[in-house]
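Nothing fancy with the numbering, it's 1 onward along the sequence.
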Amino acid sequence: MIRLGMIGTGNISRDALTPAIGEVDDAVLWSVLSRDRERAEAFAAANGAAAPTAGHDDLQTFLADPELDAVIIATPDRLHAEQTIAAATAGKHVLVEKPMTTSVEEADAMVAACRAAGVQLGVAYHMRWHLGHRALAKQIHEGVFGDIWHASARWTSKALDTTNWRASDEVGRWWSLAGVGTHSLDWLRWMLVPVCGEVTKVSSTITRDKLGSAHDELAAVSLTFESGASAQFVSSVLFAAPNRGEILGSNGYAYCEATIGRWGDGHIDTNTGTLEFEVVNPYAGEIADFVNAIQKGRAPEVSGEEGRRNVELLCQICP
Ligand SMILES: NC(=O)c1ccc[n+]([C@@H]2O[C@H](COP(=O)([O-])OP(=O)(O)OC[C@H]3O[C@@H](n4cnc5c(N)ncnc54)[C@H](OP(=O)(O)O)[C@@H]3O)[C@@H](O)[C@H]2O)c1
């Protein structure tokens, strides 16, 4: 049994990560860290955290628990590096939310700290455990669609104002790109890099200050891969449009309707018909992979190095 500590008690901890821990056989929610002790205790109690002292408001005390095996970091992006390095130094494995941090230097320091401590570092791109996406990636990588020449992804949402922490510098660096664009970037890299090689060129149009934020409110991004294939993605907080992905190859195509997003559903059509898949909770798959990586002493499926590459590209897309 792997004992997991949750850092942060916000949206993703409450709605997705903590419920998903309950779906994983070899994992238990052990303890919780919040800025506020009462909030930590309430969150721990509401979610059945198992530690005798389960609610904490001090990082070092939380990490000093010898029975704690690993942490899940679900706090604003600029806090991830310090929390990851502290956890690794305390000998705890780390699953950190996306984007893993906001600079390449910090990403390098996180990878180095986990390597030096001999702990696993995973980055939480949950769409990798959408079973339709997994089936699609397998077909792409087996050459079912021929040479892949173009792919696209769109995930947007509508914000009403700039109260979101991603809209300002204190604990955020990017807004739409950190909220959803980084997921589309990971999805495109997962689908294409094994068959098209690395991303060699990036260009982008960034829209700011329509809601009042100096951060990206819309990002329209073009990527070129080593093979000559191209890809585009759009992230935005200015409008909510249907989420969509496309894969276009020399022997076929795939259209993904509403599969890009939080959950394991949606629809995938290909040139040979519907791609059937079971709807499962992708967050449970993500945590099961992290737990299995700890047990087997292997890197999680989305490693710190992969998360670092995503951050490096985000820095080029929106310096
Ligand atoms: N994979 C996904 O599907 C997905 C979806 C959404 C978010 N995320 C990622 O998860 C992380 C958290 O996002 P979220 O949407 O859950 O954010 P959120 O709702 O604002 O929650 C963040 C939590 O972090 C803690 N925190 C510590 N210092 C903070 C500070 N200075 N300002 C604000 N919160 C602070 C807070 O918990 P306490 O008040 O208890 O300290 C807060 O509830 C981000 O990295 C985000 O990109 C991932």
*From CD (Glu106) to CG (Asp77), nearest 0.5 Å*: 10.5 Å

*Non-hydrogen atoms of Leu59 and Ala86 that approach each other most closely*: CD2-CB, 3.8 Å

*asked:* For Phe277 and His130, I'd like to know if the aromatic rings sit close, meaning centre-to-centre distance below 6.0 Å.
replied: yes

*Keeping the roles fixed (side chain from Asn271, backbone from Tyr253), state whether a donor-acceptor pair exists under 3.5 Å.*
yes

*Any Phe43 side-chain heavy atom under 4.5 Å of Arg14 side chain*: yes

*Rounded to the nearest 0.5 Å, how far apart are CG of Asp289 and NE2 of His126?*
14.5 Å

_side chain to side chain donor-acceptor pair (under 3.5 Å) partners of Thr61, counting only residues at least two apart_ = Asp58

*Do the side chain of His267 and the main chain of Cys256 share a donor and acceptor less than 3.5 angstrom apart?*
no

*Would you give the length of the straight line joining atom NE2 of His80 to atom OG1 of Thr102, rounded to the nearest 0.5 angstrom?*
9.5 Å

_Any donor-acceptor N/O pair, Lys98 side chain to Gly179 backbone, under 3.5 Å_ = yes

*Can you tell me how far the CG atom of Asn251 sits from the CG atom of Asp147, to the nearest 0.5 Å?*
7.5 Å

*Should Leu218 and Leu314 be regarded as members of a common hydrophobic cluster, given that ILVMFWY residues are connected when their side-chain heavy atoms come within less than 4.5 Å of each other, either directly or indirectly?*
no

*Given side chains that start at C-beta, do those of Ile317 and Leu185 come closer than 4.5 Å, heavy atoms only?*
yes

*Got Arg37 and His56 here, is their nearest side-chain heavy-atom distance under 4.5 Å?*
no

*Has Glu41 got more than 12 heavy atoms of other residues, nucleotides or ligands less than 6.0 Å from its CD?*
yes

*asked:* Count I, L, V, M, F, W, Y as connected when their side-chain heavy atoms are under 4.5 Å apart, and connections chain through other members. Are Ile12 and Met100 then in the same cluster?
replied: no

*How far apart are the C-alpha atoms of Val311 and Cys315, what are their side-chain angles, what is the distance that settles it, and do they pass the side chain to side chain contact (heavy atoms under 4.5 Å, CB included) test?*
CA-CA 6 Å; Val311 170; Cys315 291; 4.2 Å; yes

*Mind checking whether Val237 and Lys158 have side chains closer than 4.5 Å, heavy atoms only?*
no

*Could you give me the CA-CA distance, side-chain angles and deciding distance for Leu29 and Arg3, then say whether side chain to side chain contact (heavy atoms under 4.5 Å, CB included) is met?*
CA-CA 6 Å; Leu29 177 67; Arg3 300 182 190 95; over 6 Å; no

_Qualifying residue, where the test is side chain to side chain contact (heavy atoms under 4.5 Å, CB included) with Trp165 and the options are Thr75, Val171, Leu79_ = Val171

*asked:* So Val234 and Trp155, do their side chains get closer than 4.5 Å, heavy atoms only?
replied: no

*Measure across Cys318 and Trp174 and return the closest heavy-atom pair with its distance rounded to 0.1 Å.*
O-NE1, 3.0 Å

*Evaluation steps, side chain to side chain contact (heavy atoms under 4.5 Å, CB included), between Phe62 and Ile7*: CA-CA 9 Å; Phe62 165 79; Ile7 304 185; 3.6 Å; yes

*Under 4.5 Å between any side-chain heavy atoms of Ile247 and Leu136, yes or no?*
yes

*Indicate yes or no: does Glu198 engage Arg309 in a salt bridge with an N to O separation below 4.0 Å.*
yes

_Once rounded to the nearest 0.5 Å, what's the spacing between atom CG of Asp108 and atom CZ of Arg308?_
4.5 Å

*Can you name the residues that form a side chain to side chain contact (heavy atoms under 4.5 Å, CB included) with Ala241, not counting sequence neighbours?*
Arg154, Thr156, Phe239

*asked:* Less than 4.5 Å apart, side chain to side chain, heavy atoms only: is that true for Thr259 and Asp265?
replied: no

_List the residues meeting side chain to side chain contact (heavy atoms under 4.5 Å, CB included) with Lys210, not counting sequence neighbours, and say none if there are none._
Thr207, Glu217, Leu238

*Would you confirm whether Asp65, through its side chain, and Glu67, through its main-chain N or O, come within 3.5 Å as a donor-acceptor pair?*
yes

_Are Leu4 and Trp129 linked, directly or through intermediate hydrophobic residues, by side-chain heavy-atom contacts shorter than 4.5 Å (ILVMFWY only)?_
no

_Apply side chain to side chain contact (heavy atoms under 4.5 Å, CB included) to residues Val195 and Ile140 and explain how you reach the verdict._
CA-CA 8 Å; Val195 288; Ile140 292 169; 3.9 Å; yes

*Interatomic spacing from OG in Ser213 to CG in Asp169 - rounded to 0.5 Å*: 8.5 Å

Please output the side-chain donor-acceptor pairs of residues 112-125 that fall under 3.5 Å, not counting sequence neighbours, one pair per line with the distance.
from   : atom 1 : to     : atom 2 : distance (Å)
Arg115 : NH2    : Glu305 : OE2    : 2.6
Gln120 : NE2    : Arg298 : O      : 3.3
Tyr125 : OH     : Thr182 : OG1    : 2.7
Tyr125 : OH     : Asn310 : OD1    : 3.4
Tyr125 : OH     : Asn310 : ND2    : 3.3

_Tell me the closest heavy-atom pair linking Leu211 and Thr162, and the distance in Å._
O-CG2, 3.3 Å

*Could you tell me which non-hydrogen atom of Ala178 sits nearest to which non-hydrogen atom of Pro99, and how far apart they are?*
O-CD, 3.7 Å

*Is any side-chain N of the basic residue among Lys92 and Asp69 closer than 4.0 Å to the acidic one's carboxylate O?*
no

*Determine which pairs satisfy salt bridge (charged side-chain N to carboxylate O under 4.0 Å, His left out) with at least one residue from residues 120-141, sequence neighbours left out, and list them in order.*
Arg128-Asp186, Arg128-Glu306, Arg134-Glu301, Lys138-Glu142

In residues 16-26, what donor-acceptor pairs under 3.5 Å come from side-chain atoms, sequence neighbours left out?
from  : atom 1 : to     : atom 2 : distance (Å)
Thr18 : OG1    : Ser13  : O      : 2.8
Glu23 : OE2    : Asn281 : ND2    : 3.0
Asp26 : OD2    : Gln295 : NE2    : 3.0

*Any donor-acceptor N or O pair under 3.5 Å, side chains Asp36, Ser34*: no

*Arg189 to Pro194 - nearest heavy-atom pair and separation*: O-CD, 3.8 Å

*What's the shortest heavy-atom distance between Ala90 and Leu63, and which atoms?*
CB-CB, 3.9 Å

*Does Thr270 reach the side chain of Tyr255, with side-chain heavy atoms less than 4.5 Å apart?*
no

*Side-chain heavy atoms under 4.5 angstrom apart, residues restricted to Ile, Leu, Val, Met, Phe, Trp, Tyr: same cluster for Ile148 and Leu275?*
yes

*Begin from the C-alpha positions of Phe233 and Trp187 and carry the test ring-ring contact (aromatic ring centres under 6.0 Å, His included) through to its verdict.*
CA-CA 10 Å; Phe233 73 89; Trp187 189 81; over 10 Å; no

*Hphob cluster co-occupancy, Val94 + Ile2, side-chain heavy atoms under 4.5 angstrom*: no

